[in-house]
Amino acid sequence: MTGAELNRYLTLEGVLRVGLPSRPPAEFTPPPLTVDFTVGKIIEAENLEPHASFGFTVENLSRGVLVAGGSLNERLNTAIKIIEGAAKLGWSHLVATNENVNVIKSLVPPARVYDGFPLNPLDPEDASPPDYGSTLALLLQSALGLSDVQAEILQDALNMCYDEGALSLIDLKEKVREASMSDLRSPAERREAERLHRTLGLLLSLKGVEKLTPAQPLKLAWLTGEPVAARLPSPILAAVAQASLMAKALTSSLRGFSVVVELDSFKDTEPLAWVFDKLKEKGVGVLALTSNLSSHLNTVKKLENRVVHKLSDGAETFLAGSLIGLREEAASVQSDRRQRLYQREALRYLGWGEAVVQRSDAPSPMLVVFSNALKAPSVEAEPLPTVEGRTPLQVDFGSVAEDALRVLQLVYEFPQITLSQIVGGLPEVGEMARELALRLKDRGYLASYRDRRGRHVFTVTRKGEEALRGEGRWV
C-alpha cells in the first residue's frame, strides 16, 4: 500500500470518529409500506442514514398509536407530526393537555387551540344520560384512582344530576355529599362517599379549575372536523378532560378522529384497556403517550401501532422488545452460528427523534427518525369560545328551538303533564312535541317520573327554568 492510499484512511474526520460514542450495528429490514402521510424517514441499517420516507395510513390511526420512551419533547414532537399529517387527510385529533402544543396551529392553520377545555365534561350531549354516566364514571375512576364503590356512587350522583339538569362539578360534588349522609347506604359505603367527596373537593380547589367547565360549552360534533388542542393548568385536570373526551366518543355515533391520551396522567390505566378496544370497534382512534411501559402494559397492548423512543432501563427495554417484536439474534442460513441483530439493544442508543416503530400492517419493526415539528413557531391560545347571540335552546335544538320552547313553556305552566297531554296541548307542533319532550328530558331541561296513578309525568328542571328566563319568558 502506497502512502497516498494509506492517507485516504487517515483523514481528520476518520480520526475524530474514533472518539465518538459507538452504537451497536442493529439490523432492521424495512418492508415495503403503503403511506398515506409522512412523518419522517426510515434509517438505513448499513450506514445509519435516513433514506425512504416513513408514515402511516388512515387505517393505522383507527387501530391506535402508542408513543413511548424518550423525552417529553420527543413524544410531543412525534404526536404533533402524526396530528399534522393526519389532518391533511381529514382525520382530526382532539387534545387536552397541560403541555404547550400551540405549535399545532402553525402546522395546521385550520386547527383550534384553546386556553381551556371547550366542552362540559359532565354533559352527555346527544347520548343517553345513563349510558354516558356509567361510561364517564368508569373513565373518571381511571383518571382519579377511585375505588369500585366510589365509582358506583359517582355514577349514581351523575344520574341524579341528569335528572335535575344540573351539569356542573359543584352539583356533582353536592350529590356525592348527599350520598355520604344517606341512611340507605351502609356505613362502609358512606365512608367511601366521604372519600369521593374529598377527592372532588380537591379537584375543585385546583388553580384554574374554571378552565375545565366553560360557561358556554361547545359540542363534540362541532370539534371533530379539524385538530383541536385544549391547554389546561394541571395534569389532573387534563386527565379529567381526556376521560370525558373518551366517554363522549364512546357514546356518540361520530367516527374518523382520534383522542390523545397521556397515560402517565391517569392514576389507574387498567380500565382503559377495555375503553381502547371499544373505541377501536367504533372507528375512533387513540394516540397514547407514556414515558414508560411497565405501568400500563395491559393497556398499551391494545394499541396496534407502536413507536418507541430511547429507553435506558433494562426492564423497559425488554418489555418494549416483546411488545414490538424485536430480536437480538437470528439463525444464519450459512452456518449453525447465530447472527447478532442488536435490535433490542439499539433502543438504548437512539438519538433525538429516532424510534423503533412497529406498524399494525407491517411484518417487522423498522428504525425511523421523526421530523422536528417543534421548530415551527408557536402561537397564542385563543380564549374559550362563546356562542354569541344564541340561547341554550338554539344551541341544542337548532331549527326546532322555537317548538322546543313551546313544549318547555307548556310543561312549566302545567307541571306533572303526560306525553299525550303535551301532544294534545300543542296541535301546531303535532307529534313532533312527543319527540321534543323526550329530547328535552335527555338534555336535562325536563325531568320525568311516575306519579301516584302510575303515569309518566314531566316537570321542568332548574336548567329548564334558566332556559325559559334566557328566552325572556316569565318564570
Side-chain angles (χ1 to χ4, degrees), residues 72 76 79-80 83 87 92-125 132 136 139-140 143-144 161 166-173 199-249 252 254 257-262 264-266 287 289 377-392 395-396 444 463 466:
L72 174 61
L76 289 177
I80 290 169
I83 292 169
S92 62
H93 284 74
L94 305 181
V95 186
T97 179
N98 73 308
E99 303 296 337
N100 186 348
V101 292
N102 295 4
V103 69
I104 292 174
K105 181 70 174 176
S106 298
L107 298 170
V108 187
R112 285 161 287 179
V113 179
Y114 293 125
D115 182 22
F117 192 54
L119 305 175
N120 182 342
L122 304 188
D123 190 352
E125 299 188 10
Y132 182 76
L136 182 61
L139 284 156
L140 289 178
L144 301 175
C161 286
L167 301 179
S168 73
L169 288 172
I170 294 175
D171 293 319
L172 180 62
K173 180 187 174 188
T199 298
L200 293 177
L202 289 173
L203 182 69
L204 286 166
S205 69
L206 291 175
K207 183 178 180 181
V209 68
E210 68 279 358
K211 293 186 178 181
L212 185 61
T213 52
Q216 291 182 291
L218 301 182
K219 289 175 174 285
L220 180 68
W222 303 351
L223 301 180
T224 56
E226 299 291 349
V228 174
R231 182 86 181 272
L232 290 155
S234 76
I236 295 178
L237 295 177
V240 172
Q242 292 167 27
S244 73
L245 283 174
M246 287 186 279
K248 291 176 189 295
S252 77
L254 300 171
F257 66 96
S258 291
V259 178
V260 177
V261 180
E262 296 169 312
D264 297 342
S265 296
F266 283 70
L287 174 54
L289 283 64
S378 184
V379 297
E380 289 294 324
E382 56 187 282
L384 288 174
T386 58
V387 188
E388 296 293 342
R390 300 180 69 190
T391 65
V395 171
D396 287 335
K463 180 178 178 179
E466 291 172 353

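The figures here come from the full heavy-atom set of this structure, side chains too, leaving out hydrogens, waters and symmetry mates. Nothing here was measured: the structure is a model prediction, and the numbers come from that model. For the single chain, residues carry numbers from 1 onward in sequence order.
Interatomic distance, L172 CG to C161 SG, rounded to the nearest 0.5 Å: 5.0 Å. Atom CG of L140 is separated from atom CZ of F266 by 9.0 Å, given to the nearest 0.5 angstrom. Atom CG of L289 sits about 10.0 Å away from atom CD of E99, to the nearest 0.5 Å. Here the CD-CG distance, from E210 to L237, works out to 9.0 Å after rounding to the nearest 0.5 Å.
Of all the heavy atoms in A243 and A143, the pair that sits closest is CB-CB, 4.4 Å. In this structure, S92 and P227 approach most closely via the heavy-atom pair CB-N, 3.7 Å. Scanning both residues, L139 and A247, for their nearest heavy atoms gives CD1-N, 3.4 Å. Minimum heavy-atom separation, A381 to Y114: CB-C, 3.9 Å. Taking every heavy atom of both residues into account, L206 and S234 meet most closely at CD1-OG, 4.0 Å. Listed here is the closest heavy atom pair of P214 and P217: O-CD, 3.6 Å.
Considering V261, I80, V228, I83 in turn, I83 is the only one that fulfils the side chain to side chain contact (heavy atoms under 4.5 Å, CB included) rule with V95.
A salt bridge between E125 and K248 is present, with a side-chain N of the basic residue lying under 4.0 Å from a carboxylate O of the acidic one.
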Verdict with reasoning, D115 to E382, per side-chain contact (heavy atoms from CB on, under 4.5 Å): CA-CA 6 Å; D115 182 22; E382 56 187 282; over 6 Å; no

Might you work through the side-chain contact (heavy atoms from CB on, under 4.5 Å) test for N102 and E380, ending with a clear yes or no? CA-CA 7 Å; N102 295 4; E380 289 294 324; 5.7 Å; no

Could you go step by step and tell me if T213 and L169 meet the side-chain contact (heavy atoms from CB on, under 4.5 Å) rule? CA-CA 8 Å; T213 52; L169 288 172; 3.9 Å; yes

Carefully, step by step, assess L94 and S258 under the rule side-chain contact (heavy atoms from CB on, under 4.5 Å). CA-CA 6 Å; L94 305 181; S258 291; over 6 Å; no

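Contact of the Q242 side chain with the V260 side chain is not registered, since no non-hydrogen atoms from C-beta on lie closer than 4.5 Å. Contact of the L76 side chain with the T97 side chain is not registered, since no non-hydrogen atoms from C-beta on lie closer than 4.5 Å. Residues N98 and P233 form no side-chain contact, since every pair of their non-hydrogen atoms from C-beta on lies 4.5 Å or further apart. A heavy-atom distance below 4.5 Å is not found between the side chains of L119 and D123. Side-chain contact check for Y132 versus S244: some heavy-atom pair is nearer than 4.5 Å. Between S106 and V379, the closest side-chain pair of non-hydrogen atoms falls below 4.5 Å. Contact annotation: the side chain of L223 approaches that of L218 to within less than 4.5 Å [non-hydrogen atoms, C-beta and beyond]. A heavy-atom distance below 4.5 Å is found between the side chains of V240 and L144.
Among residue pairs with one or both ends in residues 218-239, those qualifying as salt bridge (Lys or Arg N to Asp or Glu O under 4.0 Å) are D126-K219, K219-D396; sequence neighbours excluded.
Shown here is L200, whose CG atom has more than 12 heavy atoms of other residues, nucleotides or ligands within 6.0 Å.
Residues passing the side chain to side chain contact (heavy atoms under 4.5 Å, CB included) test with A241, sequence neighbours excluded: A96, F117, L212, L232.
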